[in-house]
There are 2 protein chains.
Amino acid sequence: MVTVPHSPASARPTITRKDVARLAGVSTAVVSYVVNGGPKRVSPVTAAKVREAISALGYRPNAAARALKLGSSEMLGMVVPDTTNPFFATLARAVEEAAAARGYALLLANSGGSAANERRQVRNLASRRVDGVFLSSVLFEPDLTELEHSEIPAVLLNHSTEVPGFNSVGVELLEGSRRAVEHLVGHGHRNIALVMGMNAGNDLDAREVGWQQGLAEAGLPEGPILRCDFDRQGGYRAGQRLVAAADRPTAVFVSSDLQAVGLLRAVSEAGLRVPEDLAVFSFDGSAEAEFSWPPLSTVAQPVQAMAEAAVEALIGFDGLSPTRNRIFPVDLVLRASCGCAPVPLPVLAAPAGQ
Amino acid sequence: MVTVPHSPASARPTITRKDVARLAGVSTAVVSYVVNGGPKRVSPVTAAKVREAISALGYRPNAAARALKLGSSEMLGMVVPDTTNPFFATLARAVEEAAAARGYALLLANSGGSAANERRQVRNLASRRVDGVFLSSVLFEPDLTELEHSEIPAVLLNHSTEVPGFNSVGVELLEGSRRAVEHLVGHGHRNIALVMGMNAGNDLDAREVGWQQGLAEAGLPEGPILRCDFDRQGGYRAGQRLVAAADRPTAVFVSSDLQAVGLLRAVSEAGLRVPEDLAVFSFDGSAEAEFSWPPLSTVAQPVQAMAEAAVEALIGFDGLSPTRNRIFPVDLVLRASCGCAPVPLPVLAAPAGQ
DNA sequence: GTGAAAGCGCTAACAG
DNA sequence: CTGTTAGCGCTTTCAC
């Protein structure tokens, strides 16, 4: 079926502050005062008249004009590798909310994890005059030149190392991983593999170092290392290689929940059981991890707090005060995949009646 | 550690078109012409001078000013219930890309699925002067009044019924569900349950009707109906109720992949096997479905195409031509959960060498 | 408590 | 081919 659309283009021309002023019998300045609650006071009765005119006319302030005048778009930009990745989706959502709470909208952009795209997206955001940018790069050394000579404040979100001149917020990647390995050791494992996502860059991911340290502290040799993409497919492939390994490890630490989910599938297909034949511990603490089978033990990142801190850092950025690297502690969430919880967790225990 | 930030606020004041004009020794108009490639032609040598001045100064056009002048922000808005839901994440990502390809940025907003929030977000987007909005509501009757009397073109995305005055794009909810049930019947099932998400509204979801029809066509009675939230937790709870049912069904059709993932966990916990003890067919075709255990048979929505069509409809909207409801066909993706594929799918079969 | 007016940076007539 | 200029709608200083 086909219908005639609402509100044809031929409708009323845009209503401006001026129309409101005329209808309310005041000046445009007064309209501004009541809309913005300042900077001058307005007598209650005039204010009421203005408000009435506003709703009678269905007036909406024009954000572009406001942005032009104020030199601020009241928008923040965020570039992430992939909003489809649950971890980044959750992070972006948290940032969006924290930003909204302060009156800022969030312009989200996917980089697909390539430096070139990152640069392009940053440039695009810059030209849209966002008031600041969150950069969640997957690269060790994101290309910051674009950010450096735009006047735009930026914070590196999900970045756990120091970058001179930039605020950043991250988590204890190394310590979290170390503790996860330590935990697996506590379950009696002595051959613990690592499934590690690949970053474009040649530094060692701190998660890898954490795994090494955990092993070293326990006096254990390093198990096999499997490198793969940071996604389900990558984890799946790594899992296939892992179960086929000659001296099959009895446990594995995986660098992200997403990869662990893929790995779990490969393990199931091979007819092995988790955690009996292979214990699994992953990283992130996303919702995926809670509903996989078995549920994944994982190192949980405090996404909410990180988002909050990032927004705080970005909005409060004066361009002068010293730059900081906020590192958040992580939590071990123990579920069945490492051998801890054989049964459903309390949170989920009781089915709703009926 | 703490470092002194880059680009202190005391840096150069914003560079405008005027600075460029001065440096290039031309008028501001000429700068505009070369930046926008029109509307007038500029001699190659002047153009070169201008471009040089632009990069020498690091000039960036001010989008706010442009938006004000043009009456277009070159931004589109999208409100979805939850970007954290993989289906909407994927949809939003596809829309973002389709929009970007046409020079539009996407302002994303979460409504949490409540009508009040939807309205608030639409209003917010409207005040930011987006050139159009995609509304992906989970409600049967989204509150469109806000859209109706803003002048903003809108398309209802993920909406499969006709709404006078609005363009909309959706999928064959009913037909897809019917075929899923038909498929389960083909596997020999005679007691097929329904796990159905709850919408705020009192119309029947077309998926429910499709399930009914599938059953009716096979001359089968309706199995139990379990209603729950549209998330993993909801599916989990429904699954718990389902496995505890007196006359336990041998198959179930689930209204979304996310719910099915939750259900799968409940089934596993109960010690039942899928598909032997309970066959499962779900709806959406998201990535989650491919990596659950067992992999889910699901009714796949053509997300890419839908996004493309939605952007097309929104940008090409002239406010006059008649409004359309574009309904896309769906595909049955057959995997292990319904009893079809006992082994890994070809797509995933070969592990990368090594 | 209210109003007039000067721009914010850009585009696109219109005039040369 | 190039330049001048009038606004787009809003905020805010300064005068009343």
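Chain letters run A, B, ... following the sequence lines, proteins first, then strands; residues in each count from 1.
Between N36(A) and dT11(D) there is a side-chain polar atom (N or O) within less than 4.0 angstrom of OP1 or OP2. Taking only side-chain nitrogens and oxygens, S27(B) never comes nearer than 4.0 Å to OP1 or OP2 of dT4(D).
If you take CG of L70(A) and P of dA6(C), they are 20 Å apart, rounded to a whole angstrom. Rounded to whole angstrom, the span from the CZ atom of R128(A) across to the C1' atom of dG9(C) amounts to 17 Å. Counting to the nearest Å, the C1' atom of dA5(C) and the OH atom of Y33(A) are 11 Å from each other. Between the CZ atom of R41(A) and the P atom of dT12(D) there is a distance of 17 Å, given to the nearest Å.
Out of dG7(C), dT2(C), dT2(D), the shortest distance to the side chain of K69(A) is found at dG7(C).
By the 4.5 Å heavy-atom criterion applied to side chains, V50(A) and V42(A) are not counted as neighbours.
For E96(A) against N110(B), the heavy-atom pair with the smallest separation is OE1-ND2, 2.5 Å.
Each of S43(A) and R17(A) lies near DNA chain C, and the nucleotide nearest S43(A) is the one positioned closer to the 5' end.
Backbone-only contact: V26(B) has heavy atoms under 4.0 Å from sugar-phosphate atoms and none from a base.
Using modelled atom types, one side-chain atom of D131(B) and one backbone atom of S73(B) make a donor-acceptor pair closer than 3.5 Å.
Remark: Q304(A) CD is loosely packed, at most 12 non-hydrogen atoms of other residues, nucleotides or ligands lying under 6.0 Å away.
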